[in-house]
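Below, chain A is the first sequence line, B the second, and so on; all start at residue 1. The shown structure was predicted, so the numbers you read here are calculated from the model rather than taken from an experiment.
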Amino acid sequence: MSTELSRTYDPKSYEEKLGAWWEEQGFFKPETQAEMGQLDPDKPPFVIPMPPPNVTGMLHLGHAIMDAIEDFLARAKRQQGHEVLWVPGTDHAGIATQSIVEQFLEESGSSRQAIGRSAFEREVWSWKEEYHGRISGQQRRLGISCDWERERFTLDPNLSRAVRTSFVRLFEEGLIYRGDYLVNWSPKLQTAVSDLEVEYEEREGTLYTFKYRLQDSEEYIPVATTRPETVLGDTGLAVHPEDKRYGGYAGRQVLVPLQDRAIPVVADDSVDLDFGTGAFKITPGHDHTDYEVGQRHGLPQISIFDKNANLNETAGEFAGLSREEGRARIWAAMAAQDLTIKEEPHSVRVPLSQRSGEIIEPMISTQWFVRMKDMAQEARTVVETGQIEIVPSSFVKVYFHWLDNIRDWCISRQLWWGHRIPVWYGPDGQMFCAMDEDAAQDQARLHYGTQTQLAQDEDVLDTWYSSGLWPFSILGWPEQTKDFAKYYPASVLETGYDILFFWVARMIMLGLKLTGQVPFRVVYLHGLVRAEDGRKMSKSEGNAVDPLDIVSEYGADALRLALLTGISPGNDLTVQSSRFENNRNFANKIWNAFRFLMAHAENLKLPLSQPDNDFLTSYELPAANHLTLVDRWILARLAEITQEAEKLLDAWQIGELGKSLYDFIWHELCDWFVEAAKVGLRGADADRSQATAQVLAHVLCQSLRYLHPYMPFLTEAIWQELPGLKTVIPTVMLSRWSAPVDVDTQALRDFNLIQKIVRAIRNLRSEYKIDPGLRLKVQMSSWTRSELLAANGDLLTALARLDSTGCQFGQEAKKTDQCITLNVEDVAIYFPWAGILDMEAEKERMQSQVNDLRRQYERTQALLINTAFTSKAPAHVVVREREKASKLELEVQQIEQRLRELPG
RNA sequence: GGGCGGAUAGCUCAGCUGGUUAGAGCACUUCGUUUACACCGAAGGGGUCGGGGGUUCAAGUCCCUCUCUGCCCACCA
């Protein structure tokens, strides 16, 4: 058997095969779980809507962390008996996708305008097909256990219907409206974008100060601006009402430079007396602040730029110039008329288009908006009242702040790729909002009393509008489908904190409004993945790592474990390739523990247990009286892991649980138990080797269950090879985590002493450079643990490489002269080793140990004398300190006695 | 300007509601090819938990303050 298994675990030869098998068997489907009777009837379904990646994107490690966490949750919940539904999908990503395809067309000498709207849409669809395969291929390779048959795309017919239904409903309720407002215009993309799609960057600029002349006087008001070209759009000048210098000019008229157009001076509280000159010009047509100030004072808006952000005909001789050229030329013209005062360096915050990088131009334009105020308050309430929990909770404040200061959401985009706005216009501009053109026609017929030609709105919706419906649109809403009834609301919405506003908040608002329920119970936010150099990983930075590269080098499990351990919710993760390597080694370690078992299990029976529930089946354990100390110890540690697993999972401590498992499997199961098991397995006692094999098989089998959500492929690969298991449960994925059991704390304490003794002896060997091959003869005695030592002589002999016949343990042990004494708790270990014995050095060594122990004892004693401590500290802490003190006292006494016994 | 994090071993980071002698991986030193594994094992070195105050019987953990650093939000033109 063992000869068939390779010495090193090779992920390549298992992962793809197992992934395909899981999917073919339908194990990722909730229906399969139910058919197989795997469900615990007391547990509710566990549902995750997968955040849909951009369909034309390529996944990088930032997506992989999402896949890893969600798959962890899905698998762990399945193993707890929940019915799990995890719905995958992709997002059409309006702007992002359209940009890519347009760029492609441009490279081949074409353009979307050249081929027209419908041909362009066909072009994008074909891109979608190609990239979609790549993304889902990447995800499958990571082994994610979502229900692929329920996969969705935001432009699917059903999802499009959900979009139109919601739009019509919100429109009819007056929550969606159309109007001319100042919006963020992206000149490169030729569309409006929402506030969230604008990023700000500090740049070195100039503050220009110039003169605003009064109409009927030689006086002027000095004004500072960073954008002198916008004077052409000025429709007012603001001063502070209490300003001694200019406050009095309020109500008078000033003349716009170069145009001599008269505009009013208004008094406004928002003017900062200490900044600039204490007066600012108002350009309501191209600045958000000015827009609001203008509204307050009833000032008109003038647009001076065209859609390319070049000056338009209102700029007269400057028409056609870009913003930058215009600025220089206009400033020069002002200087020529002696209107300029000074220029000084000034750092400015420039608004940039998130997608295309160029400077955003605020412009008045006709757009569609969603009224946010009331929806935002409801979205606040559900978090306040705990109907939705945000993990980690530190994001609650951020969420509230955003909702409290929300502005209406501009949802129309001047693009071709997306959900077209379901509104049709009559010849007179009358709007008909309807599910489709027929329904619009019906409305029009009623309105006009006759058949009329209608034209649909040209714009499409912000891509986040359709993703805002995701948790319910993927389940069939607005139809009352079975899935919707059963799986809505979702259990967890897991995503990166960077899209809390973009996506999470909007899903909550739209979910509450449209379904009357919260869309999910928990929001779990993960951190960003940073590259090894600490920078944020992203495609535009050029440092994005393709998960497949890591997978092919180290295996998917190694990658997943690296993304799942060492993380805590909301905290960023810096990936280090050393972690991948280490985790690959870990996989190999487990593989070899399994090979070890198989090599020794060949001739042994590994009977399966007979629990009430097949999904709990494991290897049967020997009767309690056949268990050795090591057996009891490893089972006690397993019991602790069992307790921890559920607790940590409930607290979202995925990283901590992963680390516990790693340490348990490598440093306890492999380093200690397997080493100790060699004694039993190779001994002559057939019952004992049988028992040892059973314990090892049991612990390994259980470990695989807990490790499975982290390393699904490795655990499945081993599961498939372990004798008997797969005939009961076909896959580790559907096996159940055990209910917590009692921990044998005595075994933990006892074995802990054995470990300390073994370490002390190994340490001594190393310190004295004793030939590693040499079997030591020792005497080991103790006042209180004599029986333990006597019962575990074999174990100590094997682990510490002692002489199998020349040692005595417990009562029989005798101190000899001329020896080194090791003191471990109250155990004395005597080495008759005259050859290396330097009596003075030996005394010193023991004396320093005594001093050290005495210091500890005194510290503990001081604590116990302190009545403040004994009266205020919890009982178990006091007890622990008492036990510690008496143990230390005993140790000190013993070592001192041994010191006195030393000759000289 | 407001808000939220971070600062723990040479590096990257864990450390949950305060309670053993603060941990891991990598790196480092020494030793070891013992038939699960050299993608290994054993033994070690290395930290006054950013500085300073405070609360407490007890502080890496709670409070205040300072320094450095990252991010988010914001109408100083």
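The P atoms of B:rA9 and B:rC71 are separated by 22 Å, rounded to the nearest whole Å.
Separating the CG atom of A:L669 from the C1' atom of B:rC37 is a distance of 13 Å, rounded to the nearest angstrom. Remark: C1' of B:rC39 and CG of A:D10 are 12 Å apart, rounded to the nearest angstrom. Rounding to whole angstrom units, CG of residue A:L657 and C1' of B:rC16 are separated by 13 Å. In this structure, CD1 of A:I770 is placed 16 Å from P of B:rC31, rounded to the nearest angstrom. When rounded to the nearest whole Å, the span between CG of A:L196 and C1' of B:rA74 equals 14 Å. Remark: C1' of B:rA24 and CD of A:E668 are 14 Å apart, rounded to the nearest angstrom. Counting to the nearest Å, the C1' atom of B:rA77 and the CD atom of A:E229 are 13 Å from each other. Summarising the geometry, the separation between CD1 on A:I590 and P on B:rC39 is reported as 17 Å, rounded to the nearest angstrom.
No engagement by A:A651 is indicated, since no non-hydrogen atom pair under 4.0 Å with the nucleic acid exists. When heavy atoms are screened at a 4.0 angstrom cut-off, A:T8 is found touching base atoms of the nucleic acid. At a threshold of 4.0 angstrom between heavy atoms, the contacts of A:R765 with the nucleic acid are absent. A:K647 comes within 4.0 angstrom of no nucleic acid atom, judged by non-hydrogen atoms across all strands. Across all strands, A:S766 comes closer than 4.0 Å only to sugar-phosphate atoms, never to a base (heavy-atom distances).
Remark: A:R762 qualifies as a cation-pi partner of A:W672 under the 6.0 Å distance and 45° angle criteria applied to the six-membered ring.
Annotation: A:F275 is not in aromatic contact with A:F280 [ring centroid separation under 6.0 Å not met].
When the side-chain nitrogen and oxygen atoms of A:N588 are compared with OP1 and OP2 of B:rC37, none of them lie within a distance under 4.0 Å. In this structure, A:N763 reaches the B:rG44 phosphate: one of its side-chain N or O atoms is under 4.0 Å from OP1 or OP2. A sub-4.0 Å separation between OP1 or OP2 of B:rA74 and a side-chain N or O of A:H401 is absent. Considering only side-chain N and O atoms, A:R762 lies nowhere under 4.0 angstrom from the phosphate OP1 or OP2 of B:rA42. For the OP1/OP2 pair of B:rG41 and a distance below 4.0 Å, the side-chain nitrogens and oxygens of A:W666 include at least one atom meeting the criterion. A sub-4.0 Å separation between OP1 or OP2 of B:rG25 and a side-chain N or O of A:H667 is present. For A:K589 and B:rG41, the shortest distance from a side-chain N or O to OP1 or OP2 is below 4.0 Å. Close to B:rG23, at under 4.0 Å from its OP1 or OP2, lies no side-chain N or O of A:K659. Taking side-chain N and O atoms only, A:N585 has a distance below 4.0 Å to OP1 or OP2 of B:rC40.
Evaluation of atom-type donor-acceptor distances gives a pair under 3.5 Å for the side chain of A:E675 against the base of B:rA36.
In a base pair of the Watson-Crick type (N1 to N3 plus N6-O4 or O6-N4) or a G-U wobble (N1-O2 and O6-N3), with each distance short of 3.5 Å, B:rG60 is matched with no nucleotide. Using N1 to N3 plus N6-O4 or O6-N4 for Watson-Crick, or N1-O2 and O6-N3 for G-U wobble, each under 3.5 Å, B:rG5 pairs with B:rU69. With a 3.5 Å ceiling on both atom-pair distances, the Watson-Crick or G-U wobble partner of B:rC13 is B:rG23. The base-pairing partner of B:rA42, taking Watson-Crick or G-U wobble contacts with both distances under 3.5 Å, is B:rU30.
With no hydrogens or angles considered, a side-chain donor-acceptor pair links A:T230 and A:K281 at under 3.5 Å.
Nearest-nucleotide assignment on RNA chain B puts the 5′-proximal partner with A:T574, out of A:V758 and A:T574.
Side-chain atoms of A:N583 come within 3.5 Å of backbone N or O of A:R579 as a donor-acceptor pair.
Residues A:E204 and A:S347 share a closest heavy-atom pair of OE2-CB, 3.6 Å.
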Applying side chain to side chain contact (heavy atoms under 4.5 Å, CB included), run through A:L196 and A:W402 and close with a yes or a no. CA-CA 11 Å; A:L196 284 174; A:W402 187 73; 3.9 Å; yes
